[in-house]
Novice: 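Dropping a structure here in structure tokens format, bear with me for questions.
All residue numbers in this chain count up from 1 along the given sequence. Remember, it's 1-based here, ligands and their atoms both numbered in the order they're listed. Heavy-atom basis, side chains included; hydrogens, waters and symmetry copies ignored.
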Amino acid sequence: MSILLGCIADDFTGATDLANNLVRNGMRVSQTIGIPKDPLNIELDAVVVALKSRNLEPEEAVTQSLEALEYLLSQGAQQIFFKYCSTFDSTPRGNIGPVTEALMAALGADFTIATPAFPDNGRSVFKGYLFVGDQLLSESGMRDHPLTPMTDANLVRVMQAQCQHQVGLIEYQHILAGADAISSSMDRLKASNKKIAIVDAVTNDDLYRIAPALKDLPLITGGSGIAIGLPANFGLSAHPASSKLPPAGGYQAIVSGSCSQATNLQVESFQNLGGATYSVNPLDLTEKSVEQLVGEVLAWAEPRLLLGPVLVYSSAGPDRVKEVQAQLGVQAAGSSIESLLGLVAKGLVALGVGQLLVAGGETSGACVKALGIDQMQIGQQIDPGVPWCYAEVHDKPLHLALKSGNFGAPDFFTNAFSKL
Ligand code: ADP
């Protein structure tokens, strides 16, 4: 058994988002949590290996990405896709640049592209500047992200700061002119010793125009948007049967550790509709153990699960996040809240939750790990970038949706369950 496309994603929700776009365009896709130990035993067109490497030290992110690469090549992958966030989440040290360059070196690739454009979710790139909806990245909520604040919208500059290779730009007029013009632009950049190109794209049509020009690249990097045109490079096209999941059951719950603007709105909307909510106060961690806090959450949730979906959240606005980080430390706050919410998710499933929404990329990673999930089948899309997924936890069925912070409409927390 041999796959066509091998994908490495730097976080869990990003992996799902990518798998979703590949499924919707006709690929049979499995998402693995971390690097699998065994070879594939089912027919697939693509495998997305979900790492949790976005916020690791660059050296560790590179090591893990190279291990994932080795696995995917051993499964026959003909092309490699490195997926990161459509808001280009990274710091001046990485990890997008270092991982891209390490994968290029391992694959012997002399050129690759980088585009986080994802028009369905309002991410567009023009003249190398990334827009989130109508705002520049640096003026969007991403400027206040707890771990990777993005304060420059110029992706050539952002990527160059993280890379040894020279970074160039393929501008919008070449994208409009089609695949041949895009290939010629790549050749011109290569001739001027630029090995990585940020690529402008504003609409899905742009992404479909770019894709054929990527056919022969050993490595493609970007957000999940650019993936919509890749299945056609392998002769595949959309077919609905690829997203069917088993029937859903059990209680419904939401765990949210995302502090992104979209999530904060979703929490507010769920509260306004009278939903049962439990706000976790991270500063309680200075006085109580994680286990004690998890026990309190589960004791609150148990009787309420019978009545409808419950929401447990640590989500908060930028001022509150800064206050928590000042007291606990940035990394320590992030990782201790993630472990807490992971244990909450595990406890909720033990109480009979069979339909679980998780908000936040890092938070989703922590929840999936706590639940011991190592593989998921990708199903129907809820909102752009977020499909329902299906996994088995100790032989019990679990439907789960892993939502990256800025994804989903304000009514996501209620709407998602009605889609199952
Ligand atoms: P997103 O997808 O929105 O970026 P993530 O889960 O990836 O969400 O990242 C959010 C980070 O913020 C996590 O590390 C999480 O533990 C941390 N966090 C959650 N709640 C708070 C809070 N109230 N204060 C500080 N940090 C928080």
Novice: To check you understand the geometry: which heavy-atom pair defines the closest contact between Leu18 and Lys83, and what is its length?
Specialist: CD2-CB, 3.8 Å
Novice: What short N/O contacts, under 3.5 Å, does ligand 1 make with the protein, listed by atom pair and distance?
Specialist:
from, atom 1, to, atom 2, distance (Å)
ligand 1, 2 (O), Gly361, N, 2.8
ligand 1, 2 (O), Gly405, N, 2.8
ligand 1, 3 (O), Ser258, OG, 2.7
ligand 1, 3 (O), Ser260, OG, 2.6
ligand 1, 4 (O), His145, NE2, 2.7
ligand 1, 6 (O), Glu362, N, 3.3
ligand 1, 6 (O), Thr363, N, 3.0
ligand 1, 6 (O), Thr363, OG1, 2.7
ligand 1, 7 (O), Gly361, N, 3.2
ligand 1, 7 (O), Glu362, N, 2.7
ligand 1, 14 (O), Glu338, OE2, 2.5
ligand 1, 16 (O), Gly334, O, 2.9
ligand 1, 20 (N), Ser314, O, 3.3
ligand 1, 20 (N), Ser314, OG, 2.8
ligand 1, 23 (N), Ser314, O, 2.9

Novice: Verify the distance criterion only: is there a donor paired with an acceptor across the side chains of Asn55 and Glu362 at less than 3.5 Å?
Specialist: yes
Novice: Mind checking salt bridge (charged side-chain N to carboxylate O under 4.0 Å, His left out) for Glu57 and listing every partner two or more places apart, or none if nothing turns up?
Specialist: Arg93
Novice: Which of these passes side-chain contact (heavy atoms from CB on, under 4.5 Å) with Tyr84: Asp10, Val99, Asn95?
Specialist: Asp10
Novice: Tell me every residue that passes side-chain hydrogen bond (donor to acceptor under 3.5 Å, both in side chains) with His145, counting only those two or more places apart in sequence or in another chain.
Specialist: Thr148
Novice: Only pairs under 3.5 Å count here: list side-chain donor-acceptor contacts from residues 63-70, not counting sequence neighbours, and write none if there are none.
Specialist:
from, atom 1, to, atom 2, distance (Å)
Thr63, OG1, Glu59, O, 2.9
Gln64, NE2, Glu60, OE2, 3.1
Ser65, OG, Ala61, O, 2.7

